[in-house]
Amino acid sequence: MPNYATHFPPPPIHGVSLKPPYTVPTPDELVAERGEIRRHVPLARRGAGGQDTRLAGTYGHPTLKEKHPDDNDDKPEVENVRRADVTLDSAKAKWAATKDGFKPEHIQKVLSLFPELVYALNLHVQILQDPCTVLTIRDVVQGIPDWKLLDPEHHAFARRALPVTEEELKNQEWVGKKKKEDGDAKPTANETPDVEPKGTGNGQSKVNGQANGNGRAGTNGASKADGTHEDGSSDDVDEMDDDSTPEERAFADSVLREMKVLASFRNASGKPNGPLQPLGVDSWKQLEMCTEVEDQGTPDNWIPRSQTLHRLTGKHPMNAEADMSALFAAGMITPTKLHYVRNHGAVPCLDWDTHMLSVFADESLLTEAVFDEIPGLRDFKPRKFTMDDLGGKDAVFAAVELPMTIACTGNRRGEVNAIKRSAGYSWGASAVSTSLWRGALVRDILLACGLKLELNYHGRRLYLHFEGADTLSEGKYATSIPLLHVLDPHHDVMLAFGQNGRVLHPDHGFPLRCIIPGFAGGRCIKWVDKMWISDKQSTNYYHIWDNRLIPSRVTDKKTLLARALFHHPDTGINEQVLQSVVCVPAHGERIAVPRDEKAIYTVRGFAYHGAGLAVQRVEISLDGGRTWKGCFRQFVDEPLRHGTKHWAWVFWSCDVQYSELLNGKEIVVRAWDACKNVQPERISWNILGMMNNAWYRVKLAFDGEPLALTAKHPIAPGAKAGGWMAPPDEDKSEGRKSGDEKTFTLDEVAKHASDDDCWIILDENVYDVTSVLSWHPGGARAITAYAGQASVDTTTQYHSIHDKYADSKKDECCIGILSGAGVKAMREDAKRAEADLQKLKKKRDGLAVMPDTFCFAKLKSRKEVSKDTRLYTFSLPATEDGKPGRLGLPVGKHVVVAFHFKDQACTRSYTPIRPVLPEEEDGTFDLLVKTYMPNAVFPPGGTMGNFLDVLQEGQEIDVRGSTGDIEYLGKGKFNIEGKERHYSKINLVAGGSGLTPHWQLIHAILATEGDTTQVSLIDSNKTPDDILMRDELERYARERKGQFSLWHTIGADSKPDGWKYDAKHLDEKMMREHLFPAEDDVAAFMCGPPGLIANAAVPGLKAMGFVEGETMFGF
Ligand code: HEM
């Protein structure tokens, strides 16, 4: 199939005419190629004597044909012949005279000189194929239909204009033409040299020479900037007066290279790259394996998420963006774990195997009356599809996979909020990501339901609705888009089941998400379970009240005008906005200026657009927008789809000299699109803070000696303070209320932490927000996650999300202020906790289990130690290079084990009994857990123990650590609550499974050479069978007699024959007999059931002289 562009090159751009050589199609090729081009007379009939009756390649028009004087019995051979035949004597004669001498090179020449003519009148190419080569005004007048004459109705109000100039006719070459010396033979003013990139697919094709930025239009893609081709030959560039500087020439070279890249684009096939991958060793590149402590108390507790994401709406729901530097550094396909997340509520917990997609139509549409109006609906039948139907191995539909960018319409809202708070929380500029989305085309799914494409295009408008399975404060999340948009195969609207080669992540819609390329993220419904055709647009709450661009003058959602505008179809945001952002330099980056100020610094960033429109130009300014430098674009693989669609973002870069940065005050970026629209200079405030795409400005400030600059973005990462745009005064924290308010202590607040009694602390004031929970637009869990807590985060998060209306409702809930001591404790606590965490994370770097995220551990084996106690061995996840994961738990510390309920995680602390010493690390750890079986007194039984007891090998739990305040450092040295202490003798009081931390201590001391610390243990259990690790303990007691002494006590009823220990409750006397007496270098540690500790151990040890916090501690 010949290339279209080759035959019908577009008209010259910026006065650049296209030059030879062209591949000129034969008439047959033309006919074959374009269905609508009908040759009236077959070439064969030009035959004998060259007496064609009419010019080949003209059109027939059945009605006008009769009027034609030359008409004879020739019948059009094809249907749809639309136009009048036009005879052209001279052309006929010329054609006849040269019928055997058809010389393509002549044709090429004519074509090359008159591309406009060819383009405008492509169907007349055969006139120009006249090998006599010189086109006369006769040819033109007679060879080109006079539509004013032929179709006066549609051409009434303008004169006929011939598509050539006199100069063009006269400038043709003919044999013997005298050449003027003064440049007649040169291209005319509007014929600057051509562009002909080499090696760009079909070799001879042309690239339109619109250079980017400062580049010159119409330079030759295969040329170097010095005007020579790569093969050494020179072209017309040589003849141009070019006083470009070397820098300009180098830039032009880059422009040419970029043009070659553009020319090399082939249409993306959309063919998936192999089957979806299971979780494999390299999964960590895409997916986070850990769940977050932040999510532990929320319904999202089961979702692994990246800690590096900046959460913008508190703990729940998850709304987060990647750090811009990380997002950019990760490349053009965003790893799934860095993809921005926009959730309105809890993520529904769905399964691939049970999830169904229901496809139906409003009942009102499935009637005979409607079928008469819209025949395409007649055979439509509601259907349900399983995930296997949609994306399984034997899926019904061919999968399509394409790189597509999705962005939140609120991206860069932080800047809008910095002008005046809008009704939306502050995104930075990273609420955008690109994935390889894989799915079934919605069009195919609808056709499989019997929908026919011959919908009545002129009749009533139909919409396709999508609904997600999530349940939110205002019901379901649904939206609608025009059905015809979906049915257009060029729009690639899909129901995606794959993201970056694996199934979708729960935050991104697992198992099924609608992806509407070029549309805003808010229309790409996640967790889709329903899709239906209607003749009405969606009235869903989120369709009406979200994703709208409301005029600036509307500042209050409640007015009549506001309500009208929120329901207005033209305020709804579908297509994404044109956007560009600077990523390098990053916020806070210190740019050290080298001695050579002419050295190059490369500014970088990304740009994207909606509706598939190309981002055609990106420019930066270093002087506040007075002058602009062109940037070069980098594209994803296969960026082009359907000839014109660009579904993915571009990265861009621009080399600047350090001296330019020093002179400039800021770096500003803007992009242009395929319609030559450019981003606006200023932010246009609107009540939802949507679609801010004003020039992105990064300010540069001098940063001391040696000379450096520091970059400040408008909004700091995570919408924290520190960007150059300061928050408006109204946004600043209100601070503590003053006056006669009632004062509450932290302990008092902490008591109100449930769904039906919920207090929170904001701005050091206390609020009873129980009444807000039932209507809270962010869901009750967003607030209860902070209930009763002394967390400074609550205030920060609250203010980043809410508008004045929320503030007024909040004020109604204020019940007093936090006590001065409470405020101090809260602030200090926040600081200390953060510092401790960072220290611990550093210490545990490289270990499998971290303090602030949960990693998974798989059950390897379970051993029944007694009727209700099991020894569980769990495998830790391997390291990224495949080595066994290490627990690295300090002696005396614990891990937190979790599994997931739908509202929150169930967590318990355990002390693994192995590995204790580094040499015992083998990628696994052992937990000794007692199960409180369901019984008549407490039928549900203990939650965690029973969960573990029925766990199958290979099933998972979540683990984090280390936790606990006591760490044994060896040789009698401890770190207890941050303070180092030393004891030469240690008393241990254990009850039941409280033995495990004691075991760690005993084992660490006794198995370490040179550790002479003496240990005495009293272990209290109900029966001898309940004694954990009895053999190991007794072995140590035998083998290390002088260093370790062991005493058991059991219930009096359980005393077996020959029992040589106690059979009674623990008491002071027993402790005095079997433990070391209280001295400065003797400490006592306890762990066991609360009753045993509070009623027996603590009073007994105190009576012996041990002091709480000095020589007496609880694990
Ligand atoms: C006095 C207590 C509160 C009141 C009266 C309140 C009120 C509101 C209102 C009216 C909205 C709708 C958005 C807007 O128009 O501003 C909202 C949204 C929201 N609120 Fe609150 N809120 C309260 C406390 C909190 C707290 C403590 C948090 C957690 C830090 C929170 C998290 C959220 C979230 C996540 C949204 C949804 C944001 C979105 O998805 O667009 N709220 N709240």
Side-chain angles (χ1 to χ4, degrees), residues 294-295 297-300 311-321 340-347 408-411 413-414 416-417 420-427 431 470 472-474 477 507 521-522 526 541-542 544-548 550 554-558 562 566 686-690 718-719 730-731 733-734 737 749 752-753 758-816:
E294 299 230 63
D295 291 323
T298 80
D300 291 349
R311 294 188 183 219
L312 302 169
T313 57
K315 295 186 187 191
H316 186 78
M318 176 74 169
N319 289 294
E321 65 186 323
Y340 85 92
V341 181
R342 171 68 175 116
N343 291 345
H344 289 78
V347 174
C408 179
T409 36
N411 198 19
R413 189 188 285 128
V416 182
N417 284 346
K420 181 172 145 192
R421 217 196 298 169
S422 70
Y425 58 88
S426 294
W427 287 108
D470 45 336
L472 305 169
S473 55
E474 304 297 334
Y477 191 107
D507 273 331
K526 302 195 264 191
Y541 175 88
Y542 298 95
I544 300 297
W545 294 102
D546 203 353
N547 295 303
R548 298 220 164 231
I550 304 293
V554 175
T555 54
D556 180 345
K557 281 189 196 170
K558 284 180 292 181
F566 269 95
N686 58 88
I687 189 165
L688 294 185
M690 294 293 188
E730 56 172 329
D731 237 21
S733 178
E734 296 159 28
K737 292 200 190 294
V749 177
H752 305 270
C758 175
W759 291 12
I760 55 171
I761 301 167
L762 295 171
D763 296 310
E764 298 164 5
N765 304 313
V766 180
Y767 297 84
D768 178 351
V769 290
T770 318
S771 63
V772 177
L773 300 182
S774 58
W775 62 265
H776 184 235
R781 196 51 81 160
I783 301 181
T784 54
Y786 297 93
Q789 284 183 26
S791 159
V792 285
D793 285 354
T794 326
T795 305
T796 327
Q797 300 294 356
Y798 176 87
H799 286 298
S800 70
I801 300 166
H802 297 88
D803 64 0
K804 280 188 180 152
Y805 171 72
D807 288 347
S808 67
K809 300 302 283 178
K810 179 193 70 170
D811 285 347
E812 292 169 14
C813 308
C814 188
I815 53 169

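Values below: all heavy atoms of this structure, side chains included; hydrogens, waters and symmetry mates excluded. Counting starts at 1 for both ligands and their atoms, in listed order. Counting begins at 1 with the first residue of the sequence.
- Residue Ala782 comes nearest to His316 through the heavy atom pair CB-O, 3.0 Å, listed as atom of the first residue, atom of the second, then distance.
- Every atom of ligand 1 is numbered from 1 in the order shown, and the set under 4.0 Å from a heavy atom of Pro317 is 35 (C).
- Ranking protein heavy atoms by distance to atom 2 (C) of ligand 1, first place goes to Val769 CG1, 3.7 Å.
- For ligand 1, none of its N or O atoms has an N or O atom of Tyr798 under 3.5 Å away.
- Atoms of ligand 1 lying under 4.0 Å from at least one heavy atom of Lys810, given by number and element, are 1 (C), 5 (C).
- Less than 4.0 angstrom separates some heavy atom of Gln797 from each of these atoms of ligand 1: 30 (C).
- Judged by the shortest distance from any of its heavy atoms, Gly424 lies outside the 4.0 Å radius around the atoms of ligand 1.
- Asn343 pairs with exactly one of Asp300, Asn319, Asp507 by the side-chain hydrogen bond (donor to acceptor under 3.5 Å, both in side chains) rule, that one being Asp507.
- Put simply, the side chain of Arg413 gets close to the backbone of Leu688: a donor and an acceptor are under 3.5 Å apart.
- Of all protein heavy atoms, the one lying nearest to atom 26 (C) of ligand 1 is Ile783 CG1, 3.8 Å.
- Checked by atom type and distance alone, the side chain of Tyr786 never pairs as donor or acceptor with a backbone atom of Thr795 at under 3.5 Å.
- Scanning the protein heavy atoms around atom 36 (C) of ligand 1, the nearest turns out to be Gly778 CA, 3.4 Å.
- For the pair Lys315 and ligand 1, no heavy-atom separation below 4.0 Å is found.
- Residue contacts with ligand 1, taken as heavy atom pairs separated by less than 4.0 Å, involve Ile760 solely via side-chain atoms from C-beta onward.
- Considering every non-hydrogen atom in both Arg421 and Lys804, the closest pair reads NH1-N, 4.3 Å.
- Of all protein heavy atoms, the one lying nearest to atom 15 (O) of ligand 1 is Asp803 OD2, 3.3 Å.
- For atom 31 (C) of ligand 1, the nearest non-hydrogen atom of the protein is His802 CE1, 3.4 Å.
- At least one N or O atom of Arg342 sits closer than 3.5 Å to an N or O atom of ligand 1.
- To the nearest 0.5 angstrom, Glu812 atom CD is 11.5 Å from Asp807 atom CG.
- In this structure a side-chain-to-backbone donor-acceptor pair under 3.5 Å is present from Tyr340 to Cys408.
- For the pair Tyr786 and ligand 1, a heavy-atom separation below 4.0 Å is found.
- Using cut-offs of 30° and 60° for the angle between ring planes, the His344 and Tyr477 rings count as tilted.
- Atoms of ligand 1 lying under 4.0 Å from any heavy atom of Ala806, numbered from 1 in the order shown and given with element: 5 (C), 7 (C), 8 (C), 9 (C), 10 (C).
- Shortest contact from atom 38 (C) of ligand 1 to any protein heavy atom: Ile801 CG2, 3.8 Å.
- The main-chain N or O of Thr770 is found under 3.5 Å from a side-chain atom of Asp768 such that the two form a donor-acceptor pair.
- Residues Ala562 and Lys558 come closest through the heavy atom pair CB-N, 4.4 Å.
- The shortest distance between side-chain heavy atoms of Gln797 and Leu762 does not fall below 4.5 Å.
- Each of the atoms 5 (C) of ligand 1 lies under 4.0 Å from some heavy atom of Lys809.
- Scanning the protein for heavy atoms near atom 33 (C) of ligand 1, the closest one is His776 CE1, 3.3 Å.
- Those atoms of ligand 1 that come under 4.0 Å of a heavy atom in Ala782, given as number and element, are 28 (C), 29 (C), 32 (C).
- Within a 4.0 Å radius of atom 13 (C) of ligand 1, the protein has no heavy atom.
- The aromatic rings of Trp545 and Tyr541 sit tilted relative to each other, their planes meeting at an angle between 30° and 60°.
- Residues Arg311 and Glu294 are in side-chain contact: their nearest non-hydrogen atoms beyond the backbone lie under 4.5 Å apart.
- Among all protein heavy atoms, the one lying closest to atom 4 (C) of ligand 1 is Val772 CG1, 3.9 Å.
- When non-hydrogen atoms are compared, ligand 1 lies under 4.0 Å from neither the backbone nor the side chain of His799.
- Not one N or O on the side chain of Ser473 forms a donor-acceptor pair closer than 3.5 Å with the backbone of Gly778.
- Residue-level proximity to ligand 1 for Tyr425 is carried by the side chain, the only part with a heavy atom below 4.0 angstrom.
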